[in-house]
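Encoded as structure tokens, the structure appears first; notes follow it.
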Amino acid sequence: MGFLFKIYAAINNRILFDAEKEHPSVQEQKKFLHSFAEPGNVTERSFYKYQCLMFYSYSKGQRIFMNFISFLALGLLILLYRARGIRHDKFMKGFQPRDILLRKATKRIPITDIFPEALNACYPEAVDYDGVSYSEIFITGDAFSRFWKAVKAHPFYFHYHMVVLLRLAQASFLLCKYAPKCITTYVCEREFADPILTEYFESHQVQYHGFMHGDYLYSIEQAFMYFSKYWLWGEHYRTLFKSMRCAFDTEIYTPKKWAGIVKPRKSMEDYDYYATYYFSNEKKESIEILKDAFLKLKGRGHKCKVRPHPRFSNVNMIKDIFGKEFEVEDTSKIAIEESLECSYITIALISTVLTQAYYSGKKVVIDDISDPKVYEQLREKEYILIDKADMLFSELLERGD
């Protein structure tokens with residue numbers, strides 16, 4: 001079964017992180033978002049969030065495919081998870097949370113520099129978990145009633161049903177294993193089951209908190225979020241999420257990521273590299289444009305390097321295009337602090353690394369050449385650095401120094 005879920009996740013991630021996909025414009029997104037009435041309950045909020053994600057990321061054919069494979073899997077999963085959960089029903093009827101903070105903390109995205117430290121101080125004990133295995137989870141009776149409510153409300157959306165079932169089964173497992181008073185989550189902005197999970201946790205006197213893991217732009221993938229509390233990196237994001245009809249208490253904190261992870265050197269000549277480009281999920285055409293730009297910098301005598309994104313970049317493509325003439329950093333061997341510290345200028349289109357560089361007092365350049373269409377949308381999407389960068393990449397190339 002674990003193998004089947006890996007296949008499902010691979011297909012789903014390919015849809016969500018397709019660099020070639022054309023997404024709806026900001027105006028189209030806002031029109032779609034405001035076509036919904038105010039959600040009357042968490043099931044409705046969850047379903048609105050699901051529809052926003054489908055509108056933003058999935059084609060009609062992809063929706064049909066995801067519903068089809070979900071329909072095939074649902075019957076077996078319902079029987080399996082509910083059969084496993086029956087023996088835990090008695091425990092949940094008398095559930096009493098312990099004074100524990102349960103923190104989601106994956107190896108793929110460490111939380112050391114992004115977790116809200118003030119939340120740690122609220123609990124005498126914190127326990128970390130790195131996801132939940134599909135082979136272990138089960139769904140208790142109280143969680144299953146919430147799943148069934150979602151099925152009855154929207155009977156033919158099998159992809160929606162399957163994700164809600166899986167997430168409630170994971171929630172049941174966490175409550176029965178740890179009995180925490182508060183659970184945290186992150187990388188959760190697309191998770192359309194979370195409104196239902198929040199109400200489920202709160203019905204057992206358990207808080208469900210989310211926190212940021214990077215910079216965000218306006219995107220209705222993130223619309224209609226609902227948590228007990230969501231921890232934000234600044235007032236800018238409170239306004240952004242309110243515009244996307246999210247509903248949660250908020251608290252602003254400064255992550256260690258913004259505390260200045262490196263110190264600038266005295267002059268350009270003190271650096272090992274003139275510039276480093278930080279990739280995200282660029283298509284081949286954009287990478288080739290950047291290669292030409294970096295050759296111009298190299299022609300002026302500047303030593304430059306590039307760094308793929310550890311999760312989203314096509315590393316082999318970047319190496320094929322850049323590898324013969326520029327260093328392509330190995331993200332598994334070179335920490336982001338080391339990467340930033342040795343380079344005079346930090347360049348990217350959209351990257352949390354730009355923000356880290358900005359708060360470290362370094363030169364920050366926004367890439368306006370590799371994908372002009374995306375760049376032109378940054379102001380519409382309320383990108384936090386749009387007016388804070390030192391210059392655009394086109395201006396850097398025109399300077400001639």
Side-chain angles (χ1 to χ4, degrees), residues 107-115 186-187 212-217 233-234 253-282 286-287 290-291 293-294 297-298 300-313 315 318-319 322-323 325-370 375 378 383-393 395-397 399 401:
K107 294 176 183 176
R108 186 169 56 95
I109 308 175
I111 65 171
T112 308
D113 60 352
I114 57 176
F115 194 83
Y186 67 125
V187 198
M212 291 178 60
H213 71 285
D215 294 333
Y216 301 138
L217 306 175
W233 293 358
Y253 73 109
T254 302
K256 290 180 181 177
K257 187 184 282 283
W258 278 15
I261 63 173
V262 297
K263 292 184 178 180
R265 300 179 186 180
K266 290 182 179 180
S267 68
M268 182 179 78
E269 289 74 22
D270 293 327
Y271 286 91
D272 305 304
Y273 295 89
Y274 176 70
T276 303
Y277 191 93
Y278 292 86
F279 287 100
S280 52
N281 189 23
E282 288 77 8
S286 297
I287 298 172
L290 291 168
K291 166 73 176 299
F294 266 60
L297 295 178
K298 185 179 180 180
R300 297 173 190 168
H302 295 309
K303 185 180 179 183
C304 302
K305 60 186 172 74
V306 299
R307 184 179 177 92
H309 190 284
R311 288 185 293 135
F312 299 140
S313 290
V315 178
I318 293 171
K319 285 181 177 178
F322 271 89
E325 294 168 281
F326 297 94
E327 179 184 343
V328 178
E329 284 189 338
D330 184 340
T331 59
S332 67
K333 296 180 179 178
I334 300 175
I336 190 62
E337 293 86 351
E338 183 182 350
S339 175
L340 275 174
E341 200 281 331
C342 65
S343 184
Y344 177 57
I345 294 174
T346 305
I347 310 173
L349 176 54
I350 308 162
S351 174
T352 304
V353 180
L354 278 182
T355 313
Q356 291 175 284
Y358 174 81
Y359 282 99
S360 296
K362 295 179 67 62
K363 296 286 184 184
V364 171
V365 172
I366 292 180
D367 166 22
D368 61 331
I369 66 169
S370 68
Y375 165 72
L378 290 183
Y383 183 39
I384 194 169
L385 283 186
I386 194 66
D387 293 317
K388 296 181 179 181
D390 292 278
M391 69 187 82
L392 300 176
F393 199 6
E395 293 171 338
L396 179 66
L397 293 172
R399 281 183 6 175
D401 54 9

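These values consider heavy atoms only, across backbone and side chains, with no hydrogens, waters or symmetry-generated copies. Being a predicted model, the structure only gives us computed values, none of them experimental.
Taking each heavy atom of N281 and F312 in turn, the nearest pair found is OD1-O, 3.2 Å. For the residue pair C342 and K305, the shortest heavy atom distance occurs at SG-CE, 3.6 Å. The shortest non-hydrogen separation linking S343 to A275 is OG-C, 3.3 Å.
Of the possible donor and acceptor atoms, none in the side chain of Y274 sits under 3.5 Å from a partner among the backbone N and O of Y271. A donor-acceptor pair under 3.5 Å is absent between the side-chain atoms of S360 and the main chain of K362, judged by distance alone. Checked by atom type and distance alone, the side chain of E282 pairs as donor or acceptor with a backbone atom of S280 at under 3.5 Å. Distance alone, capped at 3.5 Å, places no donor-acceptor pair between the S313 side chain and the V315 backbone. Put simply, the side chain of R311 never gets that close to the backbone of R108: no donor and acceptor are under 3.5 Å apart. Remark: side-chain polar atoms of T331 are not paired, donor with acceptor, to backbone N or O of P310 under 3.5 angstrom. In terms of modelled atom types and a separation under 3.5 Å, the side chain of Y186 and the main chain of I109 share a donor-acceptor contact.
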Intermediate values then yes/no, side chain to side chain contact (heavy atoms under 4.5 Å, CB included), I345 and L396: CA-CA 10 Å; I345 294 174; L396 179 66; 3.9 Å; yes

CA sep, side-chain torsions, deciding dist, call: M391, R399, side chain to side chain contact (heavy atoms under 4.5 Å, CB included): CA-CA 11 Å; M391 69 187 82; R399 281 183 6 175; 3.0 Å; yes

Test log, rule salt bridge (Lys or Arg N to Asp or Glu O under 4.0 Å), inputs K256 and D113: CA-CA 5 Å; K256 290 180 181 177; D113 60 352; over 6 Å; no

Y278/S339 under side chain to side chain contact (heavy atoms under 4.5 Å, CB included): CA gap, chis, key distance, verdict: CA-CA 10 Å; Y278 292 86; S339 175; 2.7 Å; yes

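Here F326 pairs with K291, F294, L295, K298, C304, F322 under the side-chain contact (heavy atoms from CB on, under 4.5 Å) rule; sequence neighbours left out.
Screening L392, D390, I350, I347 for a side-chain contact (heavy atoms from CB on, under 4.5 Å) involving I366 leaves a single residue, L392.
The pair D270-R265 fails the salt-bridge criterion, with no side-chain N (NZ, NE, NH1 or NH2) lying under 4.0 Å from an Asp/Glu carboxylate O. Salt bridge status for R307 with E329: present, with a side-chain N to carboxylate O gap under 4.0 Å.
The shortest distance between side-chain heavy atoms of I369 and D367 falls below 4.5 Å. Side-chain contact between F393 and L290 is present, with heavy atoms from C-beta onward closer than 4.5 Å. Side-chain contact between W233 and I114: present, with at least one pair of heavy atoms (C-beta onward) separated by less than 4.5 Å. A 4.5 Å side-chain heavy-atom check between F279 and S351 finds every atom pair outside the cut-off.
Checked by atom type, the side-chain pair S286/S370 shows no donor-acceptor distance below 3.5 Å. Side-chain atoms of T346 and Y277 include no donor-acceptor pair closer than 3.5 Å. Side-chain polar atoms of Y273 and E327 form a donor-acceptor pair below 3.5 angstrom.
Atom NZ of K363 has 12 or fewer neighbouring heavy atoms from other residues, nucleotides or ligands inside a 6.0 Å radius.
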